[in-house]
A.B. asks: 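Sharing a structure below in structure tokens format, with a few things to ask.
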Amino acid sequence: MEVNEHAPGNFCWAEIGTTNVAKAKRFYTELFNWETQDVPAGDIGTYTLMQMNGRDVCGLYELNAEQRELGIPPHWLSYVSVESADAATQKAKQLGAAVALEPMDIMGIGRMSLMQDPTGAHFAIWQSKQHKGFGVTRQPGTPCWFELATKDTSKSGQFYSSLFGWQPKTETMGPPDKPMPYTLMMQGDNRAAGMLEMDEAWGDLPPHWMVYVEVEDCDAVAKRAESLGGKVQVPPTDISQVGRFSVISDPTGATFSVIKLDEPAS
């Protein structure tokens with residue numbers, strides 16, 4: 001399904017920061033049949049648009065020397081659409097967020113900022129101008145879900161509800177043999193995102209947003225990812241009434257999830 005705009009409060013973009021663009025390109029293009037388009041991006045050099053049939057799916061860029069010195073690892077970053085990056089950033093600060101990058105213009109195509117929520121998870125906001133965000137969704141090979149793993153679902157729920165107007169709705173989800181509370185962040189009747197609480201089993205892993213890419217066959221994609229140099233962190237697992245998912249790290253270490261949905265994403 002093609003999309004041309006993203007309403008405020010919806011996830012609109014995802015990008016991969018990597019230490020090896022060539023290796024990451026090969027991995028993702030062969031895993032998802034994505035195409036690539038390199039565009040000049042000022043100080044960061046080149047920004048790669050990952051595409052399907054000429055429509056943007058997500059972005060890819062190489063972490064610079066300063067980011068590496070700060071110990072920032074390869075990662076996926078999720079963006080939420082807002083009407084005003086400046087207003088949203090100021091509100092986030094008042095709600096307890098730490099701002100890693102103040103609002104800045106990105107080559108005339110939009111305005112963004114990067115922040116860390118009160119529980120430690122990083123996310124970005126995007127005020128679109130020429131670039132609206134990903135241009136295709138709800139089909140294999142496209143982002144279909146964004147999920148927050150946090151150590152305090154109450155604090156996170158309050159923060160994102162106040163910032164984006166999301167309303168928490170807790171249900172029981174997870175594998176059939178290990179059901180758990182799962183919070184849907186609702187925007188009206190639409191599901192904006194998901195949220196789950198991290199327990200001791202997560203170890204030292206920090207709170208984070210996870211991007212899910214829709215696939216036709218979770219097991220086949222996980223196996224393919226390994227053959228391309230990736231690592232399966234969570235093997236294909238069923239989630240009752242949702243689908244079958246797997247958590248994968250690409251060859252440079254950036255982690256994402258894939259999911260075969262029982263029903264189309266909504």
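The chain is numbered in sequence order, starting from 1. Bear in mind that the values here come from a model prediction, so they are computed numbers and not experimental data.
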A.B. asks: Is the backbone of P181 close enough, under 3.5 Å, to the side chain of E171 for a donor and an acceptor to pair up by distance?
C.D. replies: no

A.B. asks: Please test I109 against K129 for side-chain contact (heavy atoms from CB on, under 4.5 Å), starting from the C-alpha separation and ending with a verdict.
C.D. replies: CA-CA 5 Å; I109 64 171; K129 294 179 182 178; 5.6 Å; no

A.B. asks: With a cut-off of 6.0 Å (strictly less than), are more than 12 heavy atoms of other residues, nucleotides or ligands near CD of E5?
C.D. replies: no

A.B. asks: Could you tell me which non-hydrogen atom of W13 sits nearest to which non-hydrogen atom of G133, and how far apart they are?
C.D. replies: CE3-C, 3.5 Å

A.B. asks: Looking at W126 and C12, what are the two nearest heavy atoms and their distance?
C.D. replies: CB-SG, 3.8 Å

A.B. asks: Mind checking what makes ring pair (Phe, Tyr, Trp, His ring centres under 6.0 Å) contact with Y28, not counting sequence neighbours?
C.D. replies: W34, W76, F256

A.B. asks: Quick check: do T46 and P40 have side-chain heavy atoms less than 4.5 Å from each other?
C.D. replies: no

A.B. asks: Can you check whether G108's main-chain N or O pairs, donor with acceptor, with D105's side chain at less than 3.5 Å?
C.D. replies: no

A.B. asks: Provide the closest heavy-atom pair for R68 versus L63 in the form atom of the first, atom of the second, distance.
C.D. replies: NE-O, 3.1 Å

A.B. asks: Mark yes or no for whether S81, through its side chain, and H6, through its backbone, hold a donor-acceptor pair below 3.5 Å.
C.D. replies: yes

A.B. asks: Does any N or O in the side chain of W166 come within less than 3.5 Å of the main-chain N or O of G9, such that one atom is a donor and the other an acceptor?
C.D. replies: yes

A.B. asks: Is there a side-chain contact between Y182 and E147 in this structure, where contact means two heavy atoms from C-beta onward sitting under 4.5 Å apart?
C.D. replies: yes

A.B. asks: Can you find a heavy atom in the side chain of K231 that is under 4.5 Å from one in the side chain of I248?
C.D. replies: no

A.B. asks: Taking side chain to side chain donor-acceptor pair (under 3.5 Å) as the criterion, tell me which of D262, D219, T237 meets it with R244.
C.D. replies: D219

A.B. asks: Examine the side chains of T252 and T18 and answer whether a donor and an acceptor come within less than 3.5 Å of each other.
C.D. replies: yes

A.B. asks: Under the 3.5 angstrom rule, does the side chain of D199 hit a backbone N or O of A201 as a donor-acceptor pair?
C.D. replies: yes

A.B. asks: Quick one: are I125 and M115 in side-chain contact, heavy atoms under 4.5 Å?
C.D. replies: yes

A.B. asks: Where do V247 and S257 come nearest, in terms of heavy atoms and distance?
C.D. replies: CG2-OG, 3.4 Å

A.B. asks: Quick check: does any side chain N or O of S84 sit under 3.5 Å from a backbone N or O of A87, one acting as donor and the other as acceptor?
C.D. replies: yes

A.B. asks: Donor-acceptor pair, K91 side chain versus S162 backbone, under 3.5 Å?
C.D. replies: yes

A.B. asks: Counting only heavy atoms from other residues, nucleotides and ligands, does the tally under 6.0 Å from CD of E83 exceed 12?
C.D. replies: no

A.B. asks: Using 0.5 Å steps for rounding, measure from the CD atom of E200 to the NZ atom of K151.
C.D. replies: 11.0 Å

A.B. asks: Nearest 0.5 Å please: distance from the CZ atom of F27 over to the OG1 atom of T29.
C.D. replies: 10.0 Å

A.B. asks: If you define the side chain from C-beta out and look only at heavy atoms, does anything of V234 sit under 4.5 Å from F245?
C.D. replies: yes

A.B. asks: Between F11 and W209, is the gap from one ring center to the other below 6.0 Å?
C.D. replies: yes

A.B. asks: I want to check something: taking the side chain as every heavy atom from C-beta on, are M210 and T255 in contact at a cut-off of under 4.5 Å?
C.D. replies: yes

A.B. asks: Ignoring hydrogens, what is the shortest heavy-atom contact between P235 and S246? Give both atom names and the distance.
C.D. replies: C-OG, 4.0 Å

A.B. asks: Please report the interatomic distance OG(S78) to NE2(H208), rounded to the nearest 0.5 Å.
C.D. replies: 10.0 Å

A.B. asks: Would you say the side chain of E66 lies within less than 4.5 Å of the side chain of N64, judging by non-hydrogen atoms?
C.D. replies: yes

A.B. asks: Roughly how far apart are M50 CE and E35 CD, rounded to 0.5 Å?
C.D. replies: 10.0 Å

A.B. asks: Can you name the nearest heavy-atom pair linking T19 to E62, along with the distance?
C.D. replies: O-OE2, 3.6 Å

A.B. asks: Hey, are D56 and H131 close enough side-chain-wise for a donor-acceptor pair under 3.5 Å?
C.D. replies: yes

A.B. asks: Which of these, T150, T170, T153, sits in a side chain to side chain donor-acceptor pair (under 3.5 Å) with T183?
C.D. replies: T170

A.B. asks: Taking Q127 for the side chain and A85 for the main chain, is one N or O donor matched with an acceptor at less than 3.5 Å?
C.D. replies: yes

A.B. asks: Angle class for the Y160/F164 ring planes (parallel below 30°, perpendicular above 60°, tilted otherwise)?
C.D. replies: parallel

A.B. asks: Go through the steps for L205 and M198 under the test side-chain contact (heavy atoms from CB on, under 4.5 Å), then give the verdict.
C.D. replies: CA-CA 9 Å; L205 195 66; M198 307 170 75; 4.2 Å; yes

A.B. asks: If you round to the nearest 0.5 Å, how far is SG of C58 from CD of Q51?
C.D. replies: 10.0 Å

A.B. asks: Going through the distances and angles, do D250 and I16 end up as a side-chain contact (heavy atoms from CB on, under 4.5 Å)?
C.D. replies: CA-CA 10 Å; D250 73 25; I16 309 154; 4.2 Å; yes

A.B. asks: Output, in order, the C-alpha distance, side-chain angles, deciding distance and verdict of side-chain contact (heavy atoms from CB on, under 4.5 Å) for I106 and R111.
C.D. replies: CA-CA 6 Å; I106 306 297; R111 188 167 174 82; over 6 Å; no

A.B. asks: Would a 4.5 Å heavy-atom cut-off, applied to side chains only, mark V99 and K93 as touching?
C.D. replies: yes

A.B. asks: Would you say CD of Q67 has more than 12 non-hydrogen atoms from neighbouring residues, nucleotides or ligands within 6.0 angstrom?
C.D. replies: yes

A.B. asks: Assess the residue pair K260 and E216 against the criterion (salt bridge (Lys or Arg N to Asp or Glu O under 4.0 Å)); give the C-alpha distance rounded to whole Å, side-chain angles, the decisive distance to 0.1 Å, and a yes or no.
C.D. replies: CA-CA 6 Å; K260 167 66 172 73; E216 291 182 305; over 6 Å; no

A.B. asks: Tell me whether Y61 is reachable from M107 by hopping between hydrophobic residues (I, L, V, M, F, W, Y) whose side-chain heavy atoms are closer than 4.5 Å.
C.D. replies: no

A.B. asks: Would you say the side-chain atoms of T137 pair up with the backbone N or O of T142, donor to acceptor, closer than 3.5 Å?
C.D. replies: no

A.B. asks: Hey, could you give me the OG/CG distance between S227 and L31, rounded to the nearest 0.5 Å?
C.D. replies: 8.5 Å

A.B. asks: Should E2 and R55 count as an ion pair when the cut-off is N to O under 4.0 Å?
C.D. replies: yes

